[in-house]
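Below is one structure; the comments refer to it alone.
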Amino acid sequence: ETGVTQTPRHLVMGMTNKKSLKCEQHLGHNAMYWYKQSAKKPLELMFVYNFKEQTENNSVPSRFSPECPNSSHLFLHLHTLQPEDSALYLCASSQIPTGDTQYFGPGTRLTVL
Amino acid sequence: AQSVSQHNHHVILSEAASLELGCNYSYGGTVNLFWYVQYPGQHLQLLLKYFSGDPLVKGIKGFEAEFIKSKFSFNLRKPSVQWSDTAEYFCAAGQDFGNEKLTFGTGTRLTIIP
């Protein structure tokens with residue numbers, strides 16, 4: 001596989017469930033990101049990891065818990081979500097500090113019932 | 001606060017029409033600018049980017065954008081659109097030296113009528 005992959009592509013969960021989103025990048029980048037894409041709103045940056053260290057937490061509720069075990073993998077652990085958390089969750093990667101382009105995965109469409 | 005504005009929420013054009021999508025940013029200091037495109041059912045892809053140099057930037061699929069610093073604008077243009085250009089277009093801005101914190105606009109949905 002090339003580029004940035006995300007699994008699952010679709011996820012439906014109840015408010016009491018615990019689930020995880022997975023992202024893998026095959027580009028040799030050192031930075032990975034989670035974004036939330038909701039209808040009619042700008043893409044919202046959630047978390048940034050640089051060399052496996054979290055460098056940005058954009059005031060994200062604690063029910064979203066990221067994990068970056070290495071520079072190629074990124075997880076987003078979900079628990080006790082709310083219906084308003086339903087959105088498309090996008091993963092991206094880039095090479096910093098060269099300031100290069102961010103490359104995006106296809107996203108996970110999350111529905112919280 | 002840093003922000004990116006895209007004033008056109010939905011644009012409908014006929015094939016062969018010319019396209020211009022507006023993007024304005026509010027940033028202090030040196031800024032890098034991007035246009036991303038999201039085709040139906042596909043992931044976000046980079047169309048073009050401006051870091052420095054010639055303010056007229058050419059991207060893939062015949063798209064270009066012009067950085068006008070005095071107007072804080074980075075409008076996307078294409079002289080003749082095709083049905084396959086139907087997609088959502090996002091403008092984004094980041095600081096120089098490390099675009100970790102990209103700020104995106106709300107996007108413009110472009111519909112091309114055959």
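Residue numbers begin at 1 in each chain, while the letters A, B, ... track the order of the sequences.
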What is the minimum heavy-atom distance between [X] and [Y], and which atoms define it?
{"X": "A:M32", "Y": "A:C23", "result": "CE-SG, 3.6 Å"}
{"X": "A:K36", "Y": "A:E84", "result": "NZ-O, 3.4 Å"}
{"X": "A:D85", "Y": "A:R63", "result": "OD2-NE, 2.7 Å"}
{"X": "A:A92", "Y": "A:Y35", "result": "CB-CE1, 4.2 Å"}

Evaluate B:W35 against B:Y89 for side chain to side chain contact (heavy atoms under 4.5 Å, CB included), listing each step before the verdict. CA-CA 7 Å; B:W35 275 99; B:Y89 293 80; 3.9 Å; yes
With a 6.0 Å cut-off on the ring centroids, do B:F90 and B:Y36 count as close?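 Between B:Y36 and B:F90, which both carry aromatic rings, the centre distance is not below 6.0 Å.
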Strictly under 6.0 Å, is that where the ring centroids of A:Y103 and A:H29 end up?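 They qualify: ring centres under 6.0 Å apart.
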Using only non-hydrogen atoms and a strict under-4.5 angstrom cutoff, which residues of residues 104-113 of chain A touch chain B? A:F104, A:G105, A:P106
Taking the side chain as C-beta and beyond, is there a heavy-atom pair between [X] and [Y] under 4.5 Å?
{"X": "A:L27", "Y": "A:V4", "result": "yes"}
{"X": "B:F67", "Y": "B:F72", "result": "no"}
{"X": "A:C68", "Y": "A:F75", "result": "no"}

Is the closest side-chain donor-acceptor distance between B:T86 and B:Y39 under 3.5 Å?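 Distance-only check fails for B:T86 and B:Y39.
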What residues of residues 103-114 of chain B sit under 4.5 Å from chain A when only non-hydrogen atoms are counted? B:F104, B:G105, B:T106
Side chain, backbone, both or neither: which part of B:L44 has an atom under 4.5 Å from a heavy atom of chain A? both
Chain A heavy atoms under 4.5 Å from B:Q38: which part of the residue, side chain, backbone, both or neither? side chain
Using heavy-atom distances under 4.5 Å, tell me whether A:Q37 contacts chain B through its side chain, its backbone, both, or neither. side chain
